[in-house]
Amino acid sequence: MSSPTFKPCAETRRHRFAAACRPGAWAATAFVSLFATFASAQEVDPRFLLQPTTDSWPTYHGDYTGRRHSPLKQITPDNVRQMTLAWAFNTGQSQPIKGTPIVVNGTLYLTAPDKIWAIDARTGRQLWQHTHPTNTAFHIGHRGAAVRGDLVYLTTPDCQLVALDARTGKPRWTVEIADAKRGYWCTNAPLIVRNHLLVGVSGDFDNLPGILRAFDPETGKPQWTFYSTPPAGTANSISGGATGGQMWMTGTYDPELNLVYVGTGNPTPVLNGPVRPGDNKWTNSILAINPDNGELRWGFQNTPHDTHDWDAAEVPVLVDAPFAGKPRKLLLQAARNGYYFVLDRVTGKSLLTTPFARANWAKGVDDEGRPIPIVDKEPARDGRLVSPDESGGTNYRSPSFDPATGTLIVSAHDAYGIYFFKPEHGDTGWAGADYGIHGKGILRALDYQTGAVRWSHDLHGGVGAAGVLTTASGVIFTGDSTGNAMALRTTDGKTLWHSGIGRVGNSPMTYELDGRQFVLFGGGSVLYAFGLLPAEGKN
Amino acid sequence: MPRPSLVPLLATALAGICLSPTLRAAETAAPSQASPASVPRPTTVVAQEFPAAQVDAGRVLFGAQCGFCHGRDAFGGETGPDLTRSTLVASDVRGDKLAPHLRAGRIEKGMPAFTLPDDDIAALVAYIHEQKKRADSAVGGRRAVDPSDLQTGNAAAGQRYFANACARCHSPTGDLAGVATRHVGLPLLRRMLYPTPGGRDDPSRVPQTVRVTLGNGQVVTGKLAHRDEFTIALLDERGWTRSWSTDRVKFTVDDPLEAHVEQLAKYTDSDMHDVLAYLQTLR
């Protein structure tokens with residue numbers, strides 16, 4: 001295993017306890033004392049990732065469940081009004097921040113296409129940065145890094161996996177994930193599961209099979225490749241000739257079942273349905289995969305024969321909770337096709353399918369819990385008015401599950417688009433044309449057992465870009481559609497705090513250091529860290 | 001998602017021909033069309049040649065920075081317009097219009113401001129012009145929606161539908177008189193469904209008007225400039241922007257386009273094609 005690399009325990013622990021004694025920091029004390037003993041060394045090993053401490057956010061989703069729910073309680077509905085800027089870090093990029101930073105051992109890792117920065121998580125001071133060589137692949141966005149031991153991992157637009165020394169940023173090794181010349185690109189934040197590093201790619205503009213790959217995190221040696229669709233031209237393909245189904249979002253993991261859950265993207269050609277008859281498995285599906293060998297345990301397709309670009313790549317959120325009176329291992333997903341799905345994640349069987357955003361493309365739900373597409377809503381020569389539009393009822397922006405209220409908080413989008421396809425559009429890549437007509441962004445709190453909307457919060461504009469974070473104190477952190485970071489009360493969605501930092505384009509995260517809870521939002525291309533003011537006389 | 005616009009000058013072609021009863025041609029530029037494939041590609045004003053090396057450098061940059069939205073070939077992508085059909089590109093001479101546009105971006109549409117060195121900007125300009133040349137010499141448009149594709153409706157049925165659903169705000173002899181001579185094909189369909197294809201922030205949007213009552217009882221009215229949960233802003237009659245915290249004033253917003261949003265949930269596809277067929281008779 002990797003060598004311990006981080007700061008001396010004694011000093012970290014002393015600071016932490018000192019901080020916990022400060023007025024105003026009392027709420028953090030419980031967690032600090034619980035975790036300080038082993039958190040202080042903070043070697044990011046498989047055991048640590050199973051039970052991350054509150055002074056870290058060591059993976060894209062914060063933990064393996066994808067719930068984006070933090071046990072931190074220092075910032076509460078009562079005091080969040082006093083939350084103020086602790087520091088800001090300007091990436092200097094044209095593009096907004098779309099990823100979630102990770103934090104281990106007091107260091108924050110932030111990414112953008114071809115870029116990674118290591119930043120002091122207390123102060124926002126840059127420790128090092130690394131720039132990947134210029135390349136021609138799409139630079140559309142980047143979700144984040146992964147860390148294990150003394151290595152931090154960056155995926156690049158041209159589908160390279162770069163392992164860097166987490167302390168210095170010095171590259172250790174680089175391996176190819178996929179051939180970018182064929183049209184693959186990569187935005188993915190890798191998922192570490194024990195001695196496997198899982199990474200997926202993107203590729204909608206060419207007919208490319210969907211691949212998820214595992215690498216040895218220490219050496220970069222390839223371990224396995226899972227295909228969600230077989231290479232184009234494969235005989236007797238279960239996909240009906242479709243390619244695509246890219247697994248471009250970071251999955252979640254159940255260590256007891258030893259299953260990784262990942263959503264697959266849309267089929268290609270994207271809007272041309274006739275050329276790829278049938279359901280097109282396993283596109284637009286939630287898959288359970290054995291991380292040790294890449295074998296599919298089960299699959300659930302949430303849009304059979306998609307013709308509208310509605311990836312099922314949205315976060316599969318893992319929750320252990322009663323369903324219809326019986327304790328279950330659940331998987332919740334609010335999907336881009338506008339439907340909310342609850343599955344038994346042991347078997348992959350559907351427990352609930354119900355819309356959470358406007359959707360006019362299905363005529364019902366089949367016996368397996370899959371919406372039944374209306375054939376007449378497939379893209380056509382003269383155009384079809386379809387809800388949701390291409391950007392979907394939601395998208396990659398993360399939802400959050402709040403256990404106290406039993407709600408999944410989702411950034412929803414009620415939208416219409418028009419979809420065109422004619423044979424002249426061909427059978428490669430997009431193969432059609434579609435246009436958004438109108439959309440409205442709304443945050444919705446869904447009852448996890450019924451999908452009923454407990455409350456809604458208008459995001460005042462079109463589609464939102466911000467994901468959602470909840471904390472155990474009953475606060476939601478997110479952003480609106482126009483340019484405000486916001487804190488809302490989890491019980492009813494009431495606004496408690498806001499700051500006009502620019503449009504929040506990532507999913508917020510939180511951690512505590514020295515007894516101070518930080519909440520981070522990307523506003524445009526700047527990363528903002530907010531917290532309560534430290535007590536007078538302290539830094 | 002980004003809906004970048006390189007085509008504010010599309011105004012000259014499409015100026016002020018919105019379905020709205022209130023928008024006037026002089027008021028503002030017409031919005032971008034994501035891929036106005038049903039209008040002829042505008043002619044480049046000045047033929048321009050670029051060194052092959054510069055075009056190649058531009059291809060690399062374009063693919064990485066612009067390709068996801070505009071397509072690797074600049075012929076239009078997932079969310080961005082076909083640049084070979086852009087009037088801005090057609091009117092550009094060696095970057096005199098494109099370069100400032102790239103540097104400024106269209107932030108509200110999701111197009112970032114590019115902070116690139118002059119050489120890179122020049123390379124992007126060279127590549128875009130080269131692709132336009134290529135498109136001009138090619139036959140057909142692979143992502144095109146042609147006006148002839150849209151002729152499946154029944155104008156008589158559309159007229160009946162119009163009388164019930166649209167006539168409250170629109171008149172075939174008033175605001176919509178001759179609409180089919182100003183718009184054809186996809187742009188007409190998109191404007192029919194929602195008259196501001198650029199969305200809420202489109203400068204050609206039919207103005208929402210707002211009436212703000214201040215704490216002292218004074219009333220201020222104007223065009224809505226911004227609204228979110230925390231701030232209401234308007235343009236007053238002298239063109240000044242005035243803004244207030246929403247918790248300090250009372251206000252009402254009149255948005256004539258809300259009726260179009262409601263209508264989206266009511267149209268069947270054949271209603272939509274019928275109404276389009278009817279609008280096409282208004283010449």
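Below, chains carry the letters A, B, ... as their sequence lines are ordered, and counting in each starts from 1. No hydrogens, no waters, no symmetry mates; every other heavy atom, side chains included, goes into these values.
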So which part of [X] gets closer than 4.5 Å to some heavy atom of chain B, the side chain, the backbone, both or neither?
| X | result |
| --- | --- |
| A/Asn360 | neither |
| A/Asp376 | backbone |
| A/Leu385 | both |
| A/Asp158 | neither |
| A/Asp414 | neither |
| A/Ser387 | neither |

Taking the side chain as every heavy atom from C-beta outward, state whether [X] and [Y] have any atom pair closer than 4.5 Å.
| X | Y | result |
| --- | --- | --- |
| B/Phe68 | A/Trp185 | yes |
| A/Phe420 | B/Leu150 | yes |
| B/Leu279 | B/Phe162 | yes |
| A/Leu488 | A/Thr495 | yes |

* What residue in B/Thr268, B/Thr152, B/Leu276 has the most heavy-atom pairs under 4.5 Å with chain A? -> B/Thr152
* **Greatest number of heavy atom pairs closer than 4.5 Å to chain A - which of B/Arg72, B/Gln65, B/Arg59** => B/Arg72
* Asked: Do A/Phe205 and A/Phe138 have ring centres separated by under 6.0 Å?
  -> yes
* When A/Lys377, A/His498, A/Gln95, A/Arg358 are compared by non-hydrogen pairs under 4.5 Å with chain B, the top option -> A/His498
* **chain B interface, residue from A/Met486, A/His457, A/Arg381 that has the most non-hydrogen pairs under 4.5 Å** => A/Arg381
* Asked: Are side-chain N/O atoms of A/Asp114 and A/His139 paired as donor and acceptor at under 3.5 Å?
  -> yes
* Asked: Do A/Asp206 and A/Lys181 sit within salt-bridge range, that is, some charged N less than 4.0 Å from a carboxylate O?
  -> no
